Peer 1: 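Let me begin by handing over the structure; questions about it come next.
In what follows, chains carry the letters A, B, and so on, assigned in the order in which the sequence lines appear, proteins first and then strands, with residues in each chain numbered from 1. Every value quoted in this text rests on a predicted model; they were computed, and no experiment measured them.
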Number of protein chains: 2
Amino acid sequence: MRYSIGQVAKKLGLTTHTIRYYDKEGLLPFVRKGSSGARVFEEDDVDWLIIVECLKGTGMPLKEIRTYIQLCQQGDTTLQKRLEMFKKQKEEIEKQMRILKQYMEKIDFKIAYYGDAVEHGTDDIYIRNKWLAKERERLFGHK
Amino acid sequence: MRYSIGQVAKKLGLTTHTIRYYDKEGLLPFVRKGSSGARVFEEDDVDWLIIVECLKGTGMPLKEIRTYIQLCQQGDTTLQKRLEMFKKQKEEIEKQMRILKQYMEKIDFKIAYYGDAVEHGTDDIYIRNKWLAKERERLFGHK
DNA sequence: TATGCACTTAGAGCCTACTCTAAGGTTTTC
DNA sequence: GAAAACCTTAGAGTAGGCTCTAAGTGCATA
């Protein structure tokens, strides 16, 4: 199956502008062009774009993604490096998950706080002190 | 306990430039200034900056964070709105966690793939086909 | 008293990642 | 054959979030 840039854009939720921008930045060196000059995406190219999205979505800058492609193009001697790169990225995701969990705790606390405040129609000093005490408990252990 | 901008920056892993930038953008309207004009951060102000980091870190633009501050300054009538805002942000975090998990699956797959390739010293067409079959299995169910 | 460090402001500059425009080519459909 | 719906390029513009510089103030220690 082959796709035009517009079809790929729709499939992945990107704009054609963005995909061309990626190409210009050297992120799509495998994509061939048809007789009229239009890009022709093979299944493999779409898979590759999905990996690009995955790396980008976990915080890797486009420059570094390009470095990975260059490793791919250098053949089997860079296999180990590529493996290391993905292992590093896995750690990156784990770190992000840990951070998100910490943020979630804070947000949950705020939700509980505002839930109480809404119920009382105010978050004046008495309500605030009550919740400050709860936060101290949470941070320093119970009692 | 009171802190200077430099102490807060160190404590939160930001630069003084960034903190002043946040102030300029209206994100720190509570921070007072001492007789010499230097910002004086109370414990509360530090807590507030931590919430700013939390909202920013879960994808809220600085502009929207400022909107939240403005709600805070408008008093008890905006409590419900503030509660909604945090609930929305909780959903945002949940969404991000789901996306991260999906990315993790892809990365794990790549790690397994490159592990195999490194072991064989190559990722030629035979190795690739073997892994393509595994991916099909993974995507479309077993067998 | 002078050296050094932390603070101040205003404002310019920078980086990433788009995002869009202009001007034009090709393909398909009526 | 002409209009619609694609595609192309080069290059300018934008948004968000810093990041840094210049020029200066104030406090503290040798």
Side-chain angles (χ1 to χ4, degrees), chain A residues 1-42 45-46 49-69 89 92 96 99 103, chain B residues 1-42 45-46 49-69 89 92 96 99 103:
Chain A
M1 193 58 185
R2 291 175 167 179
Y3 308 91
S4 70
I5 193 169
Q7 290 172 311
V8 175
K10 205 171 250 174
K11 209 175 158 105
L12 300 191
L14 299 168
T15 69
T16 57
H17 292 303
T18 303
I19 295 176
R20 284 198 203 96
Y21 168 70
Y22 287 175
D23 196 3
K24 197 158 60 177
E25 293 299 304
L27 267 61
L28 310 173
F30 314 115
V31 177
R32 306 246 165 272
K33 299 204 178 164
S35 55
S36 75
R39 290 169 187 80
V40 178
F41 288 78
E42 309 286 343
D45 299 329
V46 179
L49 249 180
I50 290 170
I51 289 294
V52 167
E53 284 300 286
C54 173
L55 294 173
K56 183 174 66 95
T58 53
M60 187 180 286
L62 300 189
K63 261 189 198 176
E64 212 173 315
I65 299 177
R66 186 172 48 195
T67 305
Y68 166 61
I69 299 163
Q89 204 59 17
E92 186 57 37
Q96 285 175 27
I99 292 172
Y103 287 155
Chain B
M1 193 58 186
R2 291 175 167 180
Y3 307 92
S4 71
I5 193 170
Q7 289 171 313
V8 174
K10 205 172 250 175
K11 209 173 157 104
L12 300 191
L14 300 167
T15 68
T16 56
H17 292 305
T18 303
I19 295 176
R20 284 198 202 96
Y21 168 69
Y22 287 174
D23 196 3
K24 195 157 62 179
E25 293 299 305
L27 266 61
L28 310 174
F30 314 115
V31 176
R32 305 247 164 271
K33 298 204 178 164
S35 55
S36 74
R39 290 169 187 79
V40 178
F41 289 78
E42 310 283 344
D45 300 328
V46 178
L49 248 180
I50 289 171
I51 289 294
V52 167
E53 283 301 286
C54 173
L55 294 173
K56 184 174 65 95
T58 54
M60 186 180 285
L62 300 188
K63 263 188 195 174
E64 213 172 316
I65 299 176
R66 186 173 48 195
T67 305
Y68 166 60
I69 298 164
Q89 204 59 16
E92 186 58 37
Q96 285 176 27
I99 292 172
Y103 287 155

Peer 1: Can you sort out the partners of B/Thr16 under side-chain hydrogen bond (donor to acceptor under 3.5 Å, both in side chains), two or more places apart, ordered by chain and number?
Peer 2: none
Peer 1: Excluding sequence neighbours, so at least two apart, what forms side-chain contact (heavy atoms from CB on, under 4.5 Å) with B/Thr15?
Peer 2: B/His17, B/Thr18
Peer 1: What residues in residues 2-26 of chain B put a non-hydrogen atom under 4.0 Å from any atom of DNA chain C?
Peer 2: B/Ser4, B/Ile5, B/Gly6, B/Arg20, B/Lys24
Peer 1: Quick one: side-chain hydrogen bond (donor to acceptor under 3.5 Å, both in side chains) partners of A/Glu53, sequence neighbours excluded?
Peer 2: none
Peer 1: Between the side chain of B/Glu92 and the main-chain N/O of B/Thr58, is any donor-acceptor distance below 3.5 Å?
Peer 2: no
Peer 1: Could you check B/Lys56 against B/Ser36 and say which one's nearest nucleotide on DNA chain D is further toward the 5' end?
Peer 2: B/Lys56
Peer 1: Salt bridge (charged side-chain N to carboxylate O under 4.0 Å, His left out) with B/Arg2: which residues, sequence neighbours excluded?
Peer 2: B/Glu42
Peer 1: Filter on salt bridge (Lys or Arg N to Asp or Glu O under 4.0 Å), then keep only pairs touching residues 10-19 of chain B, sequence neighbours left out; what's left?
Peer 2: none
Peer 1: Going 5' to 3' along DNA chain C, which are the first and last nucleotides with any atom under 4.0 Å from a heavy atom of chain A?
Peer 2: C/dT16 to C/dT27
Peer 1: How close do B/Ile5 and B/Phe41 get, heavy atom to heavy atom, and via which atoms?
Peer 2: CA-CE1, 3.8 Å
Peer 1: Using residues 19-29 of chain A as the side-chain source, report each donor-acceptor pair under 3.5 Å to any protein atom, sequence neighbours left out, with the distance given to one decimal.
Peer 2:
unit_1	atom_1	unit_2	atom_2	d
A/Tyr22	OH	A/Lys56	NZ	3.4
A/Asp23	OD2	A/Arg39	NE	2.7
A/Asp23	OD2	A/Arg39	NH2	3.3

Peer 1: Would you say B/Lys33 reaches D/dT25's phosphate, i.e. side-chain N/O to OP1/OP2 under 4.0 Å?
Peer 2: no
Peer 1: Among residues 59-66 of chain B, which residues get a heavy atom nearer than 4.0 Å to DNA chain D?
Peer 2: B/Pro61, B/Leu62, B/Lys63
Peer 1: Heavy-atom distance under 4.5 Å between the side chains of B/Leu55 and B/Ile51, does that happen here?
Peer 2: yes
Peer 1: Under the side-chain hydrogen bond (donor to acceptor under 3.5 Å, both in side chains) test, which residues partner B/Tyr103, sequence neighbours left out?
Peer 2: none
